[in-house]
Participant: 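Take this structure first; my questions come after.
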Number of protein chains: 2
Amino acid sequence: MNKINLTTQRKAILDIIQQSHDHPTAAEVIERLREQGRQFAYGTVYNSLRYLTDMGLIRELKLGEAASRYDARTDEHQHIVCRRCGRVDEVLTDIPAAWLEAVARETGYAIDRAQAVVEGVCAECRNSGK
Amino acid sequence: MNKINLTTQRKAILDIIQQSHDHPTAAEVIERLREQGRQFAYGTVYNSLRYLTDMGLIRELKLGEAASRYDARTDEHQHIVCRRCGRVDEVLTDIPAAWLEAVARETGYAIDRAQAVVEGVCAECRNSGK
DNA sequence: GCAATATTTATACTAAATCTAAATATAAAC
DNA sequence: GTTTATATTTAGATTTAGTATAAATATTGC
């Protein structure tokens, strides 16, 4: 059951996200589709992004910007955003379990997961702009 | 220099946020002002929230919901959101510095700060709904 | 009090995303 | 292999959160 139904549109959108390494927004997905000569209805892109997210094929990132970004990496990991150029990179070092346990003790919550957005300046920006 | 100019409107909005312990959104601030019999222009509330944030009197929280929330606690701390009822609580246990150092090594970024949103189920929801 | 500056107000506008209903496409039943 | 049922796509309207603009009002410095 729960078979994944990858229509032409959904497959094209999934491909874009899997081939991009900069966590594109919905608007950027539409732009890249157009570069490939494809064009789907606005709503179809949003529907597909939600479908792919629900099916666990991609992840929706809410990093505090106006628009959500999408990531082909679906394993638990965090993100770091450059304050200067806005680029978003993966953070694969896990948040310490001991911290989550301390938070559970402090708050009385049963914790499912933690989403961290680290802010800083990327190596490239530091070298160029000073 | 940089004197803080607290107009009637800004003071009223600051008071609301300082008296609320549930991190209200702009819409909720407007609602609570109306309950007090006050009503400011829509844009004034947004301008004031930005002014108060810029002045460091409140903090803007972007927790992945559509709307920003505002917090009278301006010291560095994190937040935890209940998946069931949506309440937002403070997390005062600091993110381990060692993790941030590991992230800096991994990514090559100079890190300014980290914002974490922990998700779980609050004690109240666990006891009631099961 | 009067000019200069800052703030508020009402309104228009923008961006991101969702909703709706009709049109298509796909799958299931016979 | 049509017919029926279900799922998906489409175009366009709608919603939500927030910003921009320009006139009106308030505040400050002389």
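Chain identifiers are assigned alphabetically (A, B, ...) following the order of the sequence lines, protein sequences preceding nucleic acid strands; residue numbering begins at 1 within each chain.
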Participant: Given atom CD of A:Glu65 and atom P of D:dG18, what is their separation to the nearest angstrom?
Facilitator: 15 Å
Participant: Residues two or more places apart in sequence or in another chain: which of them pass side chain to side chain contact (heavy atoms under 4.5 Å, CB included) with B:Glu76?
Facilitator: B:Arg59, B:Gln78, B:Arg113, B:Gln115
Participant: With sequence neighbours excluded, tell me which residues meet side-chain hydrogen bond (donor to acceptor under 3.5 Å, both in side chains) with B:Glu65.
Facilitator: B:Arg69
Participant: Round to the nearest Å and state the distance from A:Lys62 atom NZ to D:dT16 atom P.
Facilitator: 16 Å
Participant: In chain order, what residues pass the salt bridge (charged side-chain N to carboxylate O under 4.0 Å, His left out) check against B:Arg73, with sequence neighbours excluded?
Facilitator: B:Asp75
Participant: Within the 4.0 Å limit for protein heavy atoms, which parts of nucleotides 5-27 of chain C are touched? Write it as a string from 5' to 3', B for base, S for sugar-phosphate only, - for none.
Facilitator: -SSSBS-----SBB---------
Participant: How many Å lie between NZ on A:Lys3 and C1' on C:dA28, as a whole number?
Facilitator: 15 Å
Participant: For B:Lys11, enumerate each residue passing the side-chain hydrogen bond (donor to acceptor under 3.5 Å, both in side chains) test, keeping only those at least two apart in sequence or located in another chain.
Facilitator: B:Asp15
Participant: Quick one: side-chain hydrogen bond (donor to acceptor under 3.5 Å, both in side chains) partners of A:Arg38, sequence neighbours excluded?
Facilitator: none
